[in-house]
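One structure is given below, encoded as structure tokens.
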Amino acid sequence: MADALKIGIAGLGTVGASLVRILQDRHEMLATTCGRAIETTAVTARDRNRDRGVDLSKATWFEDAVSLARDADIDVFVELMGGSGDPAYSAVKAALERGIHVVTANKALLAAHGIELAKIAEEKGALLNYEAAVAGGIPVIKALRESMTGNTISRVYGIMNGTCNYILTKMEKEELSFEACLKEAQRLGYAEADPAFDIEGNDTAHKLSILTSLSFGTAIAADDIYLEGITNISIDDIHAAADLGYRIKLLGVAQRTDSGIEQRVHPTMVPYDSVIAQVDGVTNAVAIESDILGELLMVGPGAGGNATASAVLGDIADIAKSRPGAQHVPAFGRPTNALLPYKRAQIQSHEGGYFIRLKVVDRTGVFASIATRMADNGISLESIMQHSKQLMEGGEPQTIILVTHATSEHSVRDAIKAIKGEGYLVGEPQVIRIERPKAN
């Protein structure tokens, strides 16, 4: 049997501790399946004295991640700290510059510096593996990077943030407000004390930018994504969606068009009978549409210690099974010098249409005015309905629901601006895209 694979782990939180536990509990099985033992020989964490429920007595402790990456006698550096900047960035860079393989779960780091780090890995003959960075335990990175070679991908989309999916699911099933569901998510540990990164869509955007690069062979463009979170979703939107046969999900969508690549993250109405609509709670789902395979939909746990540790371990096992001199799979599926510049797509019609919710005063002619403003902007309405009692002069404000046919974001926003100028709106309108996934 070959010499043991020596790994150093930076970050011993939930995922890091789970990884160490799995490596210890399944030491013999892993040695058999990988052809060599996997040993944790170096570690670092913020609190050296914390009880993590695992035996770290045989590992050398380092004061910080950079010194571990730079000086430890290891074959693989495992980065589980998070964050796009230091110490994660400097530590990963230091390991790669030594020719040390890197495994990371850090989507923020890859979104910000992935191409730079991949180039260093290529130059030094090291692997940069990151299955756990997107959708937790779902093996979507391996599918895109290896299994789907030869396919031309037209679209990749999915539910990539368990916190948002949990909140939207709970709002629907328990008839609770967004605020109440967020508090429960925080209590259960699904959401951070400051949940903005998740609920405003940034986490999904980072993951989407990585999938976009893998799917379309382009440089990462994390700053070129239309971004909208779920903070403005109300129980009224949940009810209206249900009445129309939809459920609301936060989707990340990237698709190839004639004019470039379109990337967007936003709340979306999906048909109730579609598979992706049935993905509830903290579960993630990623769909890939391609010319040879057709549509592939992968569903599974998107977060949590064991799910993420499983993905990290898979990357480590791949390295353990590789042999010296073997050709490495490039980090983003192709060499960095073969990645195309990212070209943002021109605004085009959205085939699924839009859901628009307006609260209006009880003024005569409101319906006609709304329909006229939509027509003025070239928007064809599939339906326009009153979501409450009849408009009556002098009564309470009423809700009007519009569903459009295919149209552009620009047209919808111009129509809303014109309606605002009429003076009968109460509060801000709600606009949600409607998607019609092929998965069913």
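Values below: every heavy atom of this structure, side chains too, minus hydrogens, waters and symmetry copies.
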_Closer than 3.5 angstrom, by distance alone: can the side chain of Asn165 be matched with the main-chain N or O of Gly281 as a donor-acceptor pair?_
yes
*Whether Arg256 side chain and Ile153 backbone form a donor-acceptor pair below 3.5 Å*: yes
_Assess, by modelled atom type and distance only, whether the side chains of Gln263 and Thr212 contain a donor and an acceptor separated by less than 3.5 Å._
yes
*Under a 4.0 Å N-O cut-off, is there an ion pair linking Arg363 with Glu422?*
no
*asked:* Counting C-beta onward and ignoring hydrogens, is there a side-chain heavy-atom pair between Leu244 and Met385 closer than 4.5 Å?
replied: yes
*Drop me the distance from Phe367's CZ to Ile400's CD1, to the nearest 0.5 angstrom.*
4.5 Å
*State, to 0.1 Å, how close Thr283 and Ile159 come at their nearest heavy-atom pair, and which atoms those are.*
O-CG2, 3.9 Å
*Would you please name every residue forming a side-chain hydrogen bond (donor to acceptor under 3.5 Å, both in side chains) with Glu179, sequence neighbours left out?*
none
*asked:* Any side-chain to backbone donor/acceptor pair from Tyr342 onto Ile261? Under 3.5 Å, distance only.
replied: yes
*Any salt bridge between Arg264 and Glu262, counting N to O under 4.0 Å?*
yes
_Minimum-distance pair of heavy atoms, taken over all atoms of Arg357 and Ser234_ = NH2-OG, 3.4 Å
*Report the residues that fulfil salt bridge (charged side-chain N to carboxylate O under 4.0 Å, His left out) with Arg247, sequence neighbours left out, ordered by chain and then residue number.*
Glu172, Asp280
*Would you confirm whether Lys170, through its side chain, and Cys181, through its main-chain N or O, come within 3.5 Å as a donor-acceptor pair?*
no
_Option from Asp198, Asn202, Asn284 for which side chain to side chain donor-acceptor pair (under 3.5 Å) with Asn161 holds_ = Asp198
*Report the C-alpha separation of Met81 and Leu109 in whole Å, then their side-chain angles, then the decisive distance to 0.1 Å, and conclude whether the side chain to side chain contact (heavy atoms under 4.5 Å, CB included) test is met.*
CA-CA 10 Å; Met81 298 174 291; Leu109 174 68; over 6 Å; no
Listed pairs under 3.5 Å, donor-acceptor, residues 313-321 side chains, sequence neighbours left out:
from	atom 1	to	atom 2	distance (Å)
Asp315	OD2	Tyr130	N	3.2
Asp315	OD2	Glu131	N	2.8
Asp318	OD2	Lys142	NZ	2.7

*Check for a donor-acceptor pair, side chain of Asp194 on one end and backbone N or O of Ala196 on the other, with a separation under 3.5 Å.*
yes
*Could you list the residues that satisfy side-chain hydrogen bond (donor to acceptor under 3.5 Å, both in side chains) with Ser369, not counting sequence neighbours?*
Tyr424
*First locate atom CD1 of Ile225, then atom CG of Leu208, and finally report the distance between them rounded to the nearest 0.5 Å.*
5.0 Å
*Measure from the side-chain N and O atoms of Arg52 to the backbone N and O of Leu12, and report whether any donor-acceptor pair falls under 3.5 Å.*
yes
_Donor on one side chain, acceptor on other, Asp414 and Ser411, under 3.5 Å_ = no
_Closest heavy-atom pair and its distance - Pro267, Ile248_ = CB-CG2, 4.2 Å
_Polar side-chain atom of Ser18 near backbone of Thr14 as donor-acceptor pair, under 3.5 Å_ = yes
*Determine which pairs satisfy side chain to side chain donor-acceptor pair (under 3.5 Å) with at least one residue from residues 114-125, sequence neighbours left out, and list them in order.*
Tyr89-Glu116, Glu122-Thr336
*For Val431 and Glu228, work out which heavy atoms get closest and say how close.*
O-OE2, 4.0 Å
*Report yes or no: do Tyr354 and Glu409 form a side-chain donor-acceptor pair below 3.5 Å?*
yes
*What is the minimum heavy-atom distance between Ile115 and Ser213, and which atoms define it?*
CD1-OG, 4.5 Å
*Backbone N/O of Glu146 and side chain of Thr149: donor-acceptor pair under 3.5 Å*: yes
*Heavy-atom pair of closest approach, residues Ile22 and Ala309*: CD1-CB, 4.0 Å
Could you give the side-chain donor-acceptor pairs of residues 215-222 under 3.5 Å, partners two or more places apart or in another chain?
from	atom 1	to	atom 2	distance (Å)
Ser215	OG	Leu211	O	2.7

*So, the side chain of Asn377 versus the backbone of Ile379: is there a donor-acceptor pair under 3.5 Å, distance only?*
no
*If we ignore angles and hydrogens, is there a donor and acceptor under 3.5 Å between the side chains of Asp243 and His239?*
no
*asked:* side chain to side chain contact (heavy atoms under 4.5 Å, CB included) for Val360 and Leu425? Distances and angles first, verdict last.
replied: CA-CA 4 Å; Val360 301; Leu425 279 186; 3.9 Å; yes
_Quick one, Glu295 with Val275, criterion side chain to side chain contact (heavy atoms under 4.5 Å, CB included). Give me CA distance, side-chain angles, the key distance, then yes/no._
CA-CA 12 Å; Glu295 179 153 7; Val275 174; over 6 Å; no
*Do His266 and Thr268 have side-chain N/O donor and acceptor atoms under 3.5 Å apart?*
yes
